[in-house]
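A short worksheet on the structure shown next.
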Amino acid sequence: MEWKQIKQLSDKYWKADTTLEEEQELRKNITSSNDPLDPQEVEYFKTLEQFSSTKLDDNFDDQFFKKIESEQKKVSFYHQKWFQLAASVLLMIGMVGGFHTYKERQLARQQEARAAFEIAKSALFMVSEKMNDGNQYTIDGLKKFDETQQKIKTQNFNN
């Protein structure tokens, strides 16, 4: 393949416009070409070729899952007691903190209720005093009314 064709395929590859056949042709020709386009590009395709040729053993999956299971058992059994202890401590801290917060809220509510009671009490005392003053005026007025009524009655009888 000519150098110009390799360059065109390379440009097309980096624009993501190549087909699978064109990519394979580019990989084959760029790694075997005597006049490479760009050393980094050649290195990239060589690395791709190495990765694609790498194969896993047939028993890789079995070994992998056995190792995970054995480590999982070790971790869960060894740390299980520590996790339980840590969870218990966190639970106790949460309960103490929650109880403390509850007590503070209760105390604040009691203080607010006492303050509201004192305000209501002073307002009711003021109303009571004003009503007593008004009551005294009413009693005085009624006494004067009675005296006047008595005077009118006595004058009518005297005439």
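The first residue of the sequence shown is numbered 1, and numbering continues consecutively from there.
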Checklist entry - Just how far is it from atom CD of E25 to atom CG of L20, taken to the nearest 0.5 Å? => result 13.0 Å
Checklist entry - Run the side-chain contact (heavy atoms from CB on, under 4.5 Å) check on E41 and W14 step by step: do they pass? => result CA-CA 10 Å; E41 225 173 350; W14 293 112; 2.5 Å; yes
Item to check | Point-to-point distance, once rounded to the nearest 0.5 Å, from OG of S10 to OH of Y44 | outcome: 10.5 Å
Checklist outcome for this item: In this structure, CG of L91 is separated from CD of Q84 (nearest 0.5 Å) by 13.0 Å
Checklist entry - Nearest heavy-atom pair of L9 and T18: which atoms, and what distance? => result O-CG2, 3.9 Å
Checklist entry - Nearest 0.5 Å, what's the OH-CE distance between Y102 and M95? => result 14.0 Å
Item to check | Check against side-chain contact (heavy atoms from CB on, under 4.5 Å), L107 and Q110 | outcome: CA-CA 5 Å; L107 183 61; Q110 286 176 355; 4.2 Å; yes
Checklist outcome for this item: Interatomic distance, CZ@F117 vs OG@S122, rounded to 0.5 Å, equals 10.0 Å
Checklist entry - Mind checking whether F65 and F60 have ring centres under 6.0 Å apart? => result no
Checklist entry - Can you list the residues that meet the side chain to side chain donor-acceptor pair (under 3.5 Å) rule with R109, with sequence neighbours excluded? => result Q106
Item to check | Close side-chain approach of F99 and V96, heavy atoms under 4.5 Å | outcome: no
Next on the checklist: Using the rule given for side-chain contact (heavy atoms from CB on, under 4.5 Å), can you reason through K121 versus L124, listing the C-alpha separation, both sets of side-chain angles and the distance that settles it, and then say yes or no?
Outcome noted: CA-CA 5 Å; K121 183 178 165 183; L124 288 173; 5.9 Å; no
Checklist entry - Given the rule in the side-chain contact (heavy atoms from CB on, under 4.5 Å) test, do F145 and T148 qualify, once you have shown the distances and angles that lead to the verdict? => result CA-CA 5 Å; F145 180 74; T148 307; 5.7 Å; no
Item to check | Gap separating the NZ atom of K144 from the CD atom of E147, nearest 0.5 angstrom | outcome: 8.5 Å
Checklist outcome for this item: Closest heavy-atom pair, E22 versus T19, reported as atoms and distance to 0.1 Å, is OE1-N, 3.0 Å
Checklist entry - Is K7 salt-bridged to D11, cutoff N-O under 4.0 Å? => result yes
Item to check | Side-chain heavy-atom pair Q149, D146 within 4.5 angstrom cut-off | outcome: yes
